[in-house]
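These notes concern the structure reproduced below.
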Protein chains: 2
Amino acid sequence: MPKKVDRHERRTLIADALMRVAARQGVEAVSLRHVAAEAGVSAGMVQHYFRTKDEMMAFAMAVVRERTQVRVTDAIARLGDDPSPRLLLRTMIAAVLPLTEESCADGRVALAFLAYAAVRPEVAAGMREDTGQMLDAVAGLIPAHGREEYAAGVLALMEGLGIHLLGGHYTAEQALAALDAHLDLVFGSAEGAAGR
Amino acid sequence: MPKKVDRHERRTLIADALMRVAARQGVEAVSLRHVAAEAGVSAGMVQHYFRTKDEMMAFAMAVVRERTQVRVTDAIARLGDDPSPRLLLRTMIAAVLPLTEESCADGRVALAFLAYAAVRPEVAAGMREDTGQMLDAVAGLIPAHGREEYAAGVLALMEGLGIHLLGGHYTAEQALAALDAHLDLVFGSAEGAAGR
DNA sequence: ACTTTTGCAATACACTTGCATCGTGAACGA
DNA sequence: TCGTTCACGATGCAAGTGTATTGCAAAAGT
């Protein structure tokens with residue numbers, strides 16, 4: 001073999017450029033040449049690592065998913081041993097929400113991809129899987145009856161808060177306040193029912 | 001003046017075509033010629049009624065906003081006199097959610113525009129306004145303390161449910177169950193606090 | 001009847017798009 | 001040292017993009 005090149009590294013480099021473009025100018029601005037320019041490489045190279053644009057998109061999306069997962073597990077790890085389910089859940093959600101500069105960029109990309117996936121059934125399947133996973137995780141943290149409904153609600157709330165945050169409709173404080181209020185309800189009500 | 005033509009009607013006709021295209025193939029597929037073909041008119045005519053593509057987009061978005069508003073007020077009107085705040089709120093939200101064929105198409109368009117607006121500050125302003133309005137309306141229906149947080153949460157929940165519905169992550173039943181569960185919490189908790 | 005205004009179609013233009021096809025240079029195995 | 005294999009750059013191409021421009025028919029005012 002000639003020249004050793006970390007293929008995956010190159011691909012992520014390009015994917016990063018793609019995400020910067022998508023975050024700044026929207027998905028519609030994502031093109032081979034734009035991404036190449038943003039990455040500081042030739043258009044030919046982009047083509048070399050991704051045979052098609054859709055392949056590039058799919059990869060970039062996988063990167064985003066992976067990164068948010070890392071953010072979540074990191075945040076949870078920082079909690080120390082045996083945190084309360086409620087704190088755990090809150091930390092998880094806060095890690096996903098576009099609150100920091102970095103996660104905000106990811107959020108923009110995710111939103112762009114959401115629209116992109118809306119008309120690409122095969123791409124949407126991946127997201128469905130993700131939410132299913134999250135749903136299980138959340139359901140496991142919620143006490144008692146109505147797990148499924150509550151879990152679905154919490155997940156939807158998270159998604160919605162993310163959207164409103166990205167749109168600048170809510171401030172970080174408002175979003176977190178709404179989240180906490182909701183968690184109060186979910187955990188408080190079960191406590192009340194169990195305590196009675 | 002020659003030929004009387006209902007300008008607004010023509011524009012909505014074109015906007016409708018635009019929305020069909022956006023719903024079917026995504027925003028990126030929205031182009032002058034595609035829209036013209038979908039509307040069954042010449043590309044020149046589209047250009048005649050919208051000097052620029054962005055103008056066309058903005059108009060289409062306004063149509064969507066307007067239509068969902070109509071759906072909401074209609075649904076509320078069907079409720080009869082003096083419905084409970086909770087029922088009113090539920091009806092409002094159910095009217096917005098992409099549950100029917102029709103509102104689902106609108107939802108796809110709205111999602112596409114959400115991404116579109118994410119990088120167009122002047123477009124995003126309109127949406128911000130809308131959410132602000134909705135927030136006030138919702139807050140007015142929610143009892144007692146923590147209005148703002150709860151209202152923000154309810155709105156976010158709605159948005160999130162919409163997203164998950166569009167993505168096919170939730171079924172209509174699941175979404176409604178989650179909504180009802182949430183409303184149980186919001187209205188039930190206040191009642192519990194007041195009753196104590 | 002004549003001019004003006006308007007609705008609309010057609011075309012032209014400068015770009016951009018994704019993708020295929022070359023060419024080249026360099027690293028390795030033989 | 002030769003040949004193969006791979007990374008990458010450059011170029012080309014057909015299709016599609018938004019927009020400006022032109023042309024033309026018809027309706028209204030005068």
Side-chain angles (χ1 to χ4, degrees), chain A residues 1-61 109 112-113 115-117 119-120 122-123, chain B residues 1-22 24-61 112-113 115-117 119-120 122-123:
Chain A
M1 294 165 201
K3 249 195 205 171
K4 58 151 198 168
V5 173
D6 188 338
R7 206 165 169 79
H8 190 270
E9 188 200 24
R10 294 275 195 208
R11 283 164 77 101
T12 19
L13 185 139
I14 294 174
D16 275 334
L18 186 156
M19 297 191 294
R20 284 197 300 271
V21 172
R24 184 154 17 94
Q25 289 147 306
V27 244
E28 47 181 280
V30 171
S31 75
L32 283 188
R33 295 182 240 270
H34 275 164
V35 171
E38 175 73 33
V41 303
S42 80
M45 176 164 158
V46 174
Q47 225 179 157
H48 178 71
Y49 284 104
F50 300 102
R51 279 183 308 207
T52 169
K53 182 185 172 179
D54 277 352
E55 189 183 318
M56 182 172 69
M57 288 288 212
F59 183 83
M61 216 174 97
V109 178
F113 280 156
Y116 179 79
V119 288
R120 254 97 173 176
E122 81 279 6
V123 177
Chain B
M1 292 164 205
K3 249 193 204 171
K4 58 150 199 172
V5 173
D6 187 338
R7 206 165 168 79
H8 190 270
E9 188 200 23
R10 295 276 196 204
R11 283 164 75 100
T12 22
L13 185 138
I14 294 174
D16 275 336
L18 186 157
M19 297 189 296
R20 283 197 300 272
V21 172
R24 184 154 18 93
Q25 289 147 305
V27 246
E28 47 181 279
V30 171
S31 76
L32 282 189
R33 296 180 238 273
H34 276 164
V35 171
E38 174 73 32
V41 302
S42 80
M45 175 162 158
V46 174
Q47 222 177 164
H48 178 73
Y49 284 104
F50 300 102
R51 280 184 309 206
T52 169
K53 181 185 173 180
D54 277 352
E55 189 184 318
M56 183 172 68
M57 289 287 212
F59 182 83
M61 217 173 98
F113 280 156
Y116 180 79
V119 289
R120 254 90 170 185
E122 82 279 6
V123 177

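In the text below, chain A, chain B and the rest are named by the order of the sequence lines, each starting its count at 1. As a basis for the values below, the full set of heavy atoms in this structure was taken, side chains included, without hydrogen atoms, waters or symmetry mates.
Between the P atom of C:dT17 and the CD atom of A:Gln25 lies a distance of 10 Å, rounded to the nearest Å. Remark: C1' of C:dT6 and CG of B:Asp6 are 15 Å apart, rounded to the nearest angstrom. As rounded to whole Å, 16 Å separates atom C1' of C:dT21 from atom CZ of A:Arg51. Put simply, CE on B:Met45 is 18 Å from P on C:dT11, counting in whole angstrom units. If you take CD of A:Gln47 and P of C:dG18, they are 10 Å apart, rounded to a whole angstrom. Note: CZ (A:Phe50) to C1' (D:dA7) measures 15 Å, nearest angstrom.
When side chains are defined from C-beta on, A:Phe50 does not count as touching A:Met57, because their heavy atoms never get closer than 4.5 Å.
With rounding to the nearest 0.5 Å, the separation of CZ in A:Arg120 from CD in B:Gln25 is 9.5 Å.
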Which pairs would a plain distance check flag for residues 8-21 of chain A, meaning a side-chain donor or acceptor within less than 3.5 Å of a matching protein atom at least two apart in sequence or in another chain?
{"residue": "A:Arg11", "atom": "NH1", "partner": "A:Tyr49", "partner atom": "O", "Å": "2.8"}
{"residue": "A:Thr12", "atom": "OG1", "partner": "A:His8", "partner atom": "O", "Å": "2.6"}
{"residue": "A:Thr12", "atom": "OG1", "partner": "A:Glu9", "partner atom": "O", "Å": "2.8"}
{"residue": "A:Asp16", "atom": "OD1", "partner": "A:Arg67", "partner atom": "NH1", "Å": "3.2"}
{"residue": "A:Arg20", "atom": "NE", "partner": "A:Glu38", "partner atom": "OE2", "Å": "2.7"}
{"residue": "A:Arg20", "atom": "NH2", "partner": "A:Glu38", "partner atom": "O", "Å": "3.4"}

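Sorted by first and then second residue, the side chain to side chain donor-acceptor pair (under 3.5 Å) pairs with a member in residues 50-60 of chain B read B:Asp54-B:Tyr116; sequence neighbours excluded.
Residues satisfying the salt bridge (charged side-chain N to carboxylate O under 4.0 Å, His left out) criterion with A:Arg33, sequence neighbours excluded, are absent altogether. For A:Ser42, the side-chain contact (heavy atoms from CB on, under 4.5 Å) criterion is met by A:Met45, not counting sequence neighbours.
Look at A:Thr52 and you'll find a side-chain N or O under 4.0 angstrom from OP1 or OP2 of C:dC19.
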Identify each atom pair where a protein N or O and an N or O of nucleotides 13-17 of chain D are less than 3.5 Å apart, giving names and distance.
{"residue": "D:dT17", "atom": "OP1", "partner": "B:Ser31", "partner atom": "OG", "Å": "3.1"}

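In this structure, the nucleotide among D:dA20, C:dG7, C:dA9 sitting nearest to the side chain of B:His48 is C:dG7.
When every heavy atom of A:Val119 is checked against every heavy atom of B:Arg24, the shortest pair comes out as CG1-O, 3.5 Å.
If you check residues 7-18 of chain B against DNA chain C, the residues with a heavy atom closer than 4.0 Å are B:Arg7, B:Arg10, listed by number.
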